[in-house]
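Following: one structure in structure tokens, then a few remarks.
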Amino acid sequence: MTTPRPLRFIRRGRAVQLHGIAPDRTLLEILREDLGATGTKEGCGEGDCGACTVVLGEARQGRMHYQAVNSCIRLAHSIDGMALWTVEDLAHDPLIRPASDPKGSALHPVQEALVQCHGSQCGFCTPGFAMSLFGLYQNEVCQNRGITRTQAAEALSGNLCRCTGYRPILDAAQQMQQLPRVQVDETALLQQLELLALTPQALEADFSYISPATLPDLLAARAAHPDAQLVAGATDLGLWITKQHRRFPRLLDVTRAAELTGVAEHDGQLTLGAAVSLTDAFSALQARWPQLHRFAARFAGLPVRNSGTLGGNVANGSPIGDSMPLLIALGAQVELASTRGSRRMPLEDFYTGYRQNQLAADELLTFIHLPLPTPDQGLADQRLAAYKVSKRFDDDISAVCLAIQLRIEGQTITQARIGAGGVAATPARARQTEAALTGQPWTAATAERAAAVLQAEFNPISDMRASGAYRREVLGALVRRFWRETRGGAETPALERLQPLTLEATP
């Protein structure tokens, strides 16, 4: 068997090339074991605590794009051709201007702010916080945008700390923008990334980590290697490696196919490539439905959203996957493709059982299509909200997820779509409740009847997240809440005002 292609990336202003990296090794493993970058810590090993956070840089349309990710569940080969920063690099990267003190005494504003605000106590979590702040610094401060307390909290939603109580770290997030600015020399970095991309590589003869750059090549690889484990952001597969100790001798990475990484709007529909990150997918959805911001910010933590993909979440088929109820409520269709052709179906018909779906052995989920409101409908006639109920506010798994969309003409509901998660073996569409709403006036009495129908429509199980009885109670409560928030026809301000403290913590 031939050695796999080398892994190449840019770190500290130079190209790093590593040979013989197994396809299922994580980025954290090569940092600590191969590169000696032990400042990046291993905490939970499942993308939950953020101690392993690093920042990746990628060229997009001639500019650098920065994202904080969990290195403990990110596969090493997935960063091929990118730039990488660990906590050791902030004060020692020659591409960060002004140049650092050769003796290493100069601190990046992120680090200096943490020092000034006393944002570190035991220090174990500090490297991860510093890297999340570095990503925020590059994306906001270096783009001449200010950082609010809310932005800081969202940027740090994937980082846990048991010492500081978070206040001094949030203080540091705002303090760092007051310090003398430094930033990455993007012109030089883009040149290095371009040179890295143009440098020829030997073919990967053993096909251990396959990452085609086009959709036709990806479908051909799927047909040739139906036994290969599919991988996108590895936010789930990474746990199979770190927690279940499973090994994957052959992986097929779908995220390099350019066609699957785009967002397009045409013919009255929004099309999201299956490899679009959750961060970018929710950004596209929020641009059309601004009231979804609160829900999107609660989908895992930011590093998970930066790595995870919308198509991966959908194809995974977890009954507690948060994107599917929303997509079902929005009327999404999925497109499946192979070398034999493509086919489309409603998302709710994609699932055949617990974590089972309609995909054939040689097929891939390629696109998610969403209908957009037509001009004659007008957004004023649409009522949309998505709710997540979980034990903690940030970075947690849903006990119940519910998304509701109504079209109302005059005072009458002419169309209803409801997606539910956490209440059945698959993400589900609440057809009986939709029927109970359609044709009825949007009144408190209608909402109360719909709540009763929804509670009877599903028979949720009891588990560590919530009891079945609690889940049924929550379903009814969320319908009543939806009525209170949307009865005036201006749902967005109501959603922004409401502080959901009672319903979003399970007992």
Any donor-acceptor pair under 3.5 Å from Asp253 side chain to Thr255 backbone: yes
Donor-acceptor pair, side chain of Glu88 and main chain of Gly39, under 3.5 angstrom: yes
Between Ser467 and Ser462: side-chain donor-acceptor atoms closer than 3.5 Å: no
Salt bridge Arg298-Asp394, side-chain N to carboxylate O under 4.0 Å: no
Residue pair Leu270 / Arg288, side-chain heavy-atom distance below 4.5 Å: yes
Check ion pair Asp396-Lys391 (N to O, under 4.0 angstrom): no
Salt-bridge present (Asp48, Lys243; N to O < 4.0 Å): no
Side-chain heavy-atom pair Asp280, Arg60 within 4.5 angstrom cut-off: yes
Heavy atoms of other groups near Glu42 CD, more than 12 under 6.0 Å: no
Carboxylate-amine/guanidinium contact Asp463 Arg471, below 4.0 Å: yes
Heavy-atom check, side chain of Ile328 versus side chain of Leu326, under 4.5 Å: no
Asp34 with Arg25: basic N within carboxylate O range, under 4.0 Å: yes
Under 3.5 Å side-chain donor-acceptor pair for Ser318 and Asn316: no
pair Ile96-Gln183: side-chain heavy atoms closer than 4.5 Å: no
Side chain to side chain, Arg181 and Val141, heavy atoms closer than 4.5 Å: yes
Side-chain heavy atoms of Leu136 within contact of Met176, under 4.5 Å: yes
Exam field: side chain Thr242 to backbone Gly238, donor-acceptor pair closer than 3.5 Å: yes
Pair Arg63, Gln143: side-chain N/O donor-acceptor within cut-off below 3.5 Å: yes
Main-chain N/O of Thr38 paired with Arg32 side-chain donor or acceptor, under 3.5 Å: yes
Lys/Arg-Asp/Glu bridge criterion (N-O < 4.0 Å) met for Asp93, Arg12: no
Donor-acceptor pair, side chain of Gln67 and main chain of Val55, under 3.5 angstrom: no
